[in-house]
2 protein chains.
Amino acid sequence: MRDHDGSGHDTDGRGYDKYAFEPFAVTVDLAVLTLRAGALHVLLVERGQEPYAGRWALPGGFLLPEESAEEAARRELAEETGLADVTGLHLEQLRTYSEPGRDPRMRVVSVAFAALVPDPHPDPVRGDPRPAPLEPHGGGDAAQARWTPYDAARGLAFDHDRIVADARTRVGAKLEYTCLATAFCPPEFTLGELQQVYETVWGTALDRPNFRRKVLAAPGFVEPVPGAARLTSGRGKPAAVYRAGPATALHPPLLRSPREGRPA
Amino acid sequence: MRDHDGSGHDTDGRGYDKYAFEPFAVTVDLAVLTLRAGALHVLLVERGQEPYAGRWALPGGFLLPEESAEEAARRELAEETGLADVTGLHLEQLRTYSEPGRDPRMRVVSVAFAALVPDPHPDPVRGDPRPAPLEPHGGGDAAQARWTPYDAARGLAFDHDRIVADARTRVGAKLEYTCLATAFCPPEFTLGELQQVYETVWGTALDRPNFRRKVLAAPGFVEPVPGAARLTSGRGKPAAVYRAGPATALHPPLLRSPREGRPA
DNA sequence: CTCTTTATAGTCGTCATGACTATTAAAGGG
DNA sequence: CCCTTTAATAGTCATGACGACTATAAAGAG
C-alpha cells in the first residue's frame with residue numbers, strides 16, 4: 001500500500017530506502033504583484049537560456065538545502081526586486097504545481113507564491129516624501145526584469161500564465177474577507193488609494209461614500225494617523241491618512257456585490 | 001542571482017546543470033475528513049516504522065515519477081480508504097510544507113490535501129438504503145487505519161498536527177462562501193443533514209429556519225429531489241431530500257456571524 | 001471670486017439577517 | 001384512537017447592512 005517503488009520494498013512510504021522515492025527538483029515561483037498607474041502589474045524576468053529562451057517568466061529559483069519554500073521565496077524576492085526590506089511584504093502561498101512535463105527538461109515541483117508590494121513608482125505627491133523608487137533589475141546573468149501590466153503578461157514560459165491567473169484570482173478573493181488590500185499600499189495611505197486597490201484588482205468601480213463607510217465599519221482594518229492629511233492628486237480636498245490596523249480578517253467582509261460595481 | 005548552487009555555475013535557476021539544484025523527496029499528505037456521529041473525524045494510520053513508529057499520522061506517500069500531486073493524493077486516498085470511487089470526492093490542496101527538519105531523516109517537501117468524504121458509517125435509516133459502509137484498512141504493511149475524532153487527533157507524527165488544524169481552518173472558511181458542505185453529504189441529503197455539516201465543522205449551533213432560508217436562497221447550492229422525503233432520525237416529520245446543485249460558489253455567502261451561533 | 005475636483009457627511013428605500021412563533025407530519029405510548 | 005413528542009417547514013418582525021443618491025467642505029486653477 002505504501003510501497004510505491006514497484007520493487008517490492010516496503011518503507012512505510014517514508015523509509016530510509018533511497019529506492020523508495022523519486023528525487024524531484026523543487027522550485028519556488030513568484031507572482032510579484034503591484035499597482036502602477038491604476039493597473040495591476042506583475043514582475044517578469046526575461047529568460048536567457050533554453051528552454052523558453054527570450055520568453056518572459058516569473059522570477060523564482062531552486063530551494064536551497066536548508067531553507068523552506070517561504071524563505072526561498074523571500075530570498076528570491078529580495079534578489080529579483082532589489083528591495084532592501086522584504087520582511088514586511090505580504091507573501092501568500094498559492095499552491096504547488098506538480099504536473100509531469102511542466103518543465104520540459106526534468107521533473108520540477110514548484111511552490112508558487114504571490115507577493116504584494118506597494119507601488120514602487122508612486123507619482124511624487126507634495127507632502128508625501130516617500131522612499132526612493134524601486135526599479136527591478138535582472139540578476140547577475142543576462143536576464144532582465146520588468147514590471148508588466150497584468151493583461152499583457154501572456155505567453156509566459158512554463159505554466160506561468162496559469163500561476164499569474166491563479167494569483168489574481170486568489171488576491172481578488174482575499175480582498176473580500178481579509179485586510180490584504182493594505183499590503184498594496186505604502187505604510188500610510190488614504191481611503192481613496194485603498195479603494196483604488198479594490199477597483200483595480202476587481203476591475204469594477206465602487207461608490208466612494210459606501211466604500212468609505214464599509215472600511216471604517218470594519219474594526220481594525222485601518223486606523224487614522226492623527227493630524228495627517230494629504231493631497232492625493234494635486235487637486236481637491238486633502239484626504240485623511242490612515243495606516244493598516246491590527247486586524248487580519250474583515251468583519252463584515254467587503255463583498256464583491258453582483259449589484260454594485262460597473263466595469264471600471 | 002539565480003545561481004543557487006554556490007559553485008559558480010549559472011544556470012538561470014533552471015539549467016540542465018544537475019549541480020544547480022538539490023534533489024528533494026516529495027510526498028503528499030492527506031487530511032481525510034468526515035462527519036461521524038455529529039463529530040468531525042480524521043483518518044489516521046499507525047506508523048509501523050521509525051521514525052515515529054507506533055505514532056499516528058496522516059496517510060500519504062511519495063509521488064510517483066509520472067503523476068501530479070493531485071493524482072498521487074487520489075491514488076493514496078483510494079488505497080488508504082479502500083473506497084472504490086474516489087473520482088467524485090472533493091480534494092482540496094491545502095499548502096506545501098517544506099521546513100527543513102520536518103522529517104528527521106531527510107529533506108521531504110510535502111503537498112498537503114484535505115479530502116472530504118461522506119460519513120462512511122451512516123446510521124441505517126428506514127427508506128434510505130445507502131451503499132454498504134466503508135471501513136478503512138491498513139495497507140499491505142503492518143499499519144492500521146482508523147477514523148479518529150478531530151479533538152483526539154493530537155500528537156501525530158511529523159508536522160501532521162498542524163496540517164490537520166490547517167485542514168479544519170480551510171474547510172471551515174470555505175463552507176462560508178463555497179458549496180463545499182455538500183461534499184460531506186451523501187448524494188441525496190436533507191437540509192438538516194447539511195446543517196449538521198456546518199454546525200459540526202464550525203462548532204456552533206444554527207437556527208434551523210434561518211439556515212433553511214439562506215440555503216434555499218443561494219442559487220444552485222441545492223436542488224430538490226422531486227417526490228423524495230426521508231425520516232432522518234426515526235421520528236418527526238419526514239424531510240425533503242435535496243442533492244448538490246450546479247453552483248460551486250455561494251452567493252450570498254453563509255457567513256459565520258458573530259451574533260448567531262452559540263457554542264454547539 | 002468662481003469653477004472644478006476630491007473628500008466627507010448624511011439620507012432613504014430595499015433587502016438580508018437574527019430571533020422568534022406557528023403549523024404540519026410523522027412516531028410512540030397509553 | 002388520542003395525545004404527546006419530535007422534527008420539518010412556514011411565517012413574522014425588528015434591526016441592520018447595503019446600494020443609490022444628495023449635500024457639504026476644502027483644496028487648486030483660472
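In what follows, chains are A, B, ... by sequence order, proteins preceding strands, each numbered from 1. Just so you know, these numbers use all the heavy atoms, side chains as well, and skip hydrogens, waters and symmetry mates.
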Original post:
Taking only residues two or more places apart in sequence, or in another chain, which ones meet R212(B) in a side chain to side chain contact (heavy atoms under 4.5 Å, CB included)?
Top reply: L191(B), L216(B), Y242(B)
Mark yes or no for whether [X], through its side chain, and [Y], through its backbone, hold a donor-acceptor pair below 3.5 Å.
| X | Y | result |
| --- | --- | --- |
| T190(A) | V241(A) | no |
| D119(B) | R36(B) | no |
| E176(B) | R256(B) | yes |

**OP:** Give a yes/no verdict on a cation-pi contact between R168(B) and Y150(B), requiring under 6.0 Å between NZ or CZ and the six-membered ring centre and an angle within 45° of the axis.
**Re:** yes
**OP:** Using only heavy-atom distances, decide whether a donor-acceptor pair under 3.5 angstrom links the side-chain of R213(B) to the base of dG11(D).
**Re:** no
Rounded to the nearest angstrom, tell me the gap between atom [atom1] in [X] and atom [atom2] in [N].
| X | N | atom1 | atom2 | value |
| --- | --- | --- | --- | --- |
| N210(B) | dT12(D) | CG | P | 15 Å |
| Y198(B) | dG18(C) | OH | C1' | 17 Å |
| F211(A) | dA7(C) | CZ | C1' | 14 Å |
| E176(A) | dA17(D) | CD | P | 18 Å |
| F189(A) | dT6(C) | CZ | P | 20 Å |
| L206(A) | dA20(D) | CG | C1' | 14 Å |
| L254(A) | dA17(D) | CG | P | 13 Å |
| D207(A) | dA17(D) | CG | P | 17 Å |

Original post:
So does R74(A) pair up with E70(A), basic N to acidic O under 4.0 Å?
Top reply: no
Subject >> Base-contact (B) and sugar-phosphate-only (S) positions in nucleotides 2-10 of chain D, heavy-atom cut-off under 4.0 Å, - elsewhere >> reply: ---SBBBBB
